[in-house]
Protein chains: 2
Amino acid sequence: MTEWDIKKLQILRTLNERGTVTATAQVLLMTPSAVSQQLSNLAKQVGVPLLEAHGRRVRLTGAARLLLRHADAVLAQLERADAELAAYAKGEAGEVRVGAFATAVPALVVPAVRALRGAHPGISVRVREAEAGEAYDLLAAGDVDLALSLAAQAPREFEGGRFTQVTLLADPLDVALPRDHPLARTAALRLADLASEPWIFGGSGPWSEITRTACEAAGFVPEQAHSAAGWEAILAMVEAGMGVALVPRMAGAGAFGRSGVAMRELAADRPRRHVIAAVRRGAEASPTVSHVLAALRGATRA
Amino acid sequence: MTEWDIKKLQILRTLNERGTVTATAQVLLMTPSAVSQQLSNLAKQVGVPLLEAHGRRVRLTGAARLLLRHADAVLAQLERADAELAAYAKGEAGEVRVGAFATAVPALVVPAVRALRGAHPGISVRVREAEAGEAYDLLAAGDVDLALSLAAQAPREFEGGRFTQVTLLADPLDVALPRDHPLARTAALRLADLASEPWIFGGSGPWSEITRTACEAAGFVPEQAHSAAGWEAILAMVEAGMGVALVPRMAGAGAFGRSGVAMRELAADRPRRHVIAAVRRGAEASPTVSHVLAALRGATRA
DNA sequence: TCATTCTTTGAAGCAGATCTGAACGATTAC
DNA sequence: GTAATCGTTCAGATCTGCTTCAAAGAATGA
């Protein structure tokens with residue numbers, strides 16, 4: 001028996017509740033004949049008699065009671081599926097798979113998940129760490145539903161492509177320089193003022209080019225004295241007077257408690273790093289995805 | 001959505017495994033056309049899109065993955081039902097409801113259930129205590145599958161009726177009399193020798209008449225001096241010299257440790273009490289029921 | 001005991017759904 | 001650019017299930 005029929009199981013269940021074929025037919029808006037046929041059909045499929053005559057009515061056999069237990073479980077499961085799908089349609093259930101770069105996970109995704117748990121308990125988020133390029137591949141392949149990536153420029157919100165992108169956060173880049181540096185107290189610090197300094201390049205992946213890009217936009221080519229993947233290492237080098245660095249305000253907040261480092265805002269044409277959320281074209285219409293997007297937005301303000 | 005179709009869920013599951021409509025169709029021995037139609041049909045029923053185009057293939061949506069989890073559970077449940085029904089057909093699964101008189105439960109049913117648990121773990125027994133008359137009503141109404149009752153005569157094993165009866169045990173009745181009674185040492189004790197003794201009638205239900213019936217069969221009318229429902233009370237009265245009594249050997253084994261009571265076998269035309277198992281006509285062919293019957297038989301020999 | 005009534009079951013006809021086969025649009029590989 | 005692959009759509013054929021009608025079995029009442 002490989003081809004199960006839910007309707008037959010429902011008929012069996014109703015027969016068990018009502019006790020007679022006729023009453024079952026009334027409840028299910030069928031004729032007694034149809035009920036009888038379906039049940040004998042089911043019995044033939046399972047290979048075991050389900051009904052036996054008892055006076056002018058029928059009685060369920062042991063096999064029928066056995067089958068009934070499973071039928072109840074199956075029908076209950078289907079009702080749950082129904083309810084969850086209804087919730088899904090309203091954006092109150094479902095799973096959203098998020099691909100995010102490493103530092104975004106604790107800074108954005110985790111707070112968003114936490115907020116989501118309160119506001120939309122039915123929505124679950126599955127996180128997968130992925131750098132920008134990979135994240136877009138995953139997004140295109142359908143392995144994630146939402147990708148978080150970094151970029152130096154805000155994306156043109158092109159609607160014609162395969163993705164829809166929105167900027168979650170435009171984090172300004174501040175300059176980290178030694179506390180006793182002559183420029184540490186300048187009134188209006190501009191990037192060009194640091195043209196002759198030794199620079200410490202940051203980060204991994206696409207981020208490693210951000211310092212060079214920003215400096216070139218300011219009109220000079222920076223001298224790459226050092227480079228490091230983590231912000232803490234970079235700030236340590238700054239503190240030691242080994243150079244200056246561009247640090248996203250989000251990452252460098254408080255300079256990790258290093259008193260020898262001065263964080264200075266840039267006065268003009270301040271470079272920013274953009275945290276971009278991308279979904280497949282059309283997916284932003286999904287209520288579930290849009291709830292996750294809203295939660296991520298909220299996390300940028302916390 | 002109230003009308004679920006298992007076949008559609010299987011198609012969705014296979015599509016998830018194989019990844020393409022064509023491969024799914026091959027596995028399920030269908031045409032890609034049919035697969036496509038069934039899936040779009042399912043999506044329409046659910047009210048949420050399940051597939052979206054991805055290149056020249058399709059990808060499952062979040063709703064599809066949500067539905068898939070439930071589909072897996074449902075299909076697994078159905079496979080279990082299938083397995084259990086197959087086991088049921090072989091008599092290795094199922095539930096047998098037994099109606100039994102009170103003293104049969106510890107003496108016969110419990111040992112049988114214990115033995116059954118080892119030999120046929122899939123079979124479960126549901127016990128319901130019922131006196132003889134009630135047990136047969138329950139059996140006729142289909143509320144139990146097997147009835148245990150007591151009778152003074154072995155049933156004629158009539159096959160034409162509604163029930164099939166078999167004698168599980170023909171327990172001889174012994175005479176309990178005070179140890180110092182003159183007849184306590186007679187060589188061949190017959191019931192007629194006790195015609196002038198005061199009798200203690202036993203038991204409840206149909207059993208209360210057994211003493212009278214046996215004595216009348218022996219040619220005299222017993223004097224009912226006392227009566228009690230429990231064998232222990234009866235033996236206490238015998239020990240006190242208040243009368244003699246007929247006691248089933250099974251019930252009176254060891255005379256409950258009363259040294260003042262002598263248990264004597266009857267020499268001739270010894271009356272017996274019969275423990276009878278009855279099933280509805282035809283039910284003895286059920287492997288499950290016959291396994292329980294065999295276990296009950298085995299319990300009579302232990 | 002007989003008739004009535006209720007229940008279930010069976011046969012024939014019909015309606016709906018599903019499957020097949022071919023054609024089309026779109027995408028990928030060579 | 002061309003050919004092959006994939007998914008979908010449409011029309012026709014087939015199948016399953018439902019309804020109507022009819023009959024048989026079993027319980028209730030007189």
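Proteins come first, then strands; the chains are lettered A, B, ... in the order of their sequence lines, and each starts at number 1. Atoms considered below: every heavy atom in the structure, side chains included; atoms not considered: hydrogens, waters and symmetry mates.
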Original post:
Which nucleotide in the list C:dT27, D:dC18, D:dT8 gets nearest to the side chain of A:Lys7?
Top reply: D:dC18
**OP:** Report the residue (A:Lys8 or B:Ser40) whose heavy-atom-nearest nucleotide on DNA chain D is the more 5′ of the two.
**Re:** B:Ser40
**OP:** To the nearest Å, give me how far apart CD1 (A:Ile11) and C1' (D:dC18) are.
**Re:** 11 Å
**OP:** From the options C:dT8, D:dT19, D:dT8, select the nucleotide whose nearest atom is closest to the side chain of B:Leu51.
**Re:** D:dT8
Original post:
Within the pair A:Gln37 and C:dT9, is there a side-chain N or O less than 4.0 Å away from OP1 or OP2?
Top reply: no
Subject >> Pair of N/O donor and acceptor under 3.5 Å linking D:dT5 base with B:Arg56 side chain >> reply: yes
Original post:
When you check the phosphate oxygens OP1 and OP2 of C:dT9, does a side-chain N or O of A:Ser36 lie under 4.0 Å from one of them?
Top reply: yes
Original post:
Would you say a side-chain N or O of A:Thr20 is under 4.0 Å from OP1 or OP2 of C:dT8?
Top reply: yes
Original post:
Has B:Thr22 got a side-chain N or O lying under 4.0 Å from the OP1 or OP2 atom of D:dG7?
Top reply: yes
**OP:** Measure the shortest side-chain to side-chain distance between B:Leu68 and B:Arg13 over non-hydrogen atoms and say whether it is less than 4.5 angstrom.
**Re:** yes
Original post:
Passes salt bridge (charged side-chain N to carboxylate O under 4.0 Å, His left out), A:Asp143 versus A:Arg97? Steps please.
Top reply: CA-CA 8 Å; A:Asp143 288 331; A:Arg97 297 160 304 170; 5.2 Å; no
**OP:** Could you tell me whether the phosphate oxygens of C:dT20, OP1 or OP2, come under 4.0 Å of any side-chain nitrogen or oxygen in B:Thr31?
**Re:** yes
Original post:
Considering only heavy atoms from C-beta outward, does the side chain of B:Val275 approach that of B:Phe101 to under 4.5 Å?
Top reply: yes
Original post:
Hey, is the side chain of A:Asn41 poking within less than 4.0 Å of OP1 or OP2 on D:dG17, counting only N and O atoms?
Top reply: yes
**OP:** Sort and list the pairs that fulfil ring pair (Phe, Tyr, Trp, His ring centres under 6.0 Å) and have at least one residue in residues 8-67 of chain B, not counting sequence neighbours.
**Re:** none
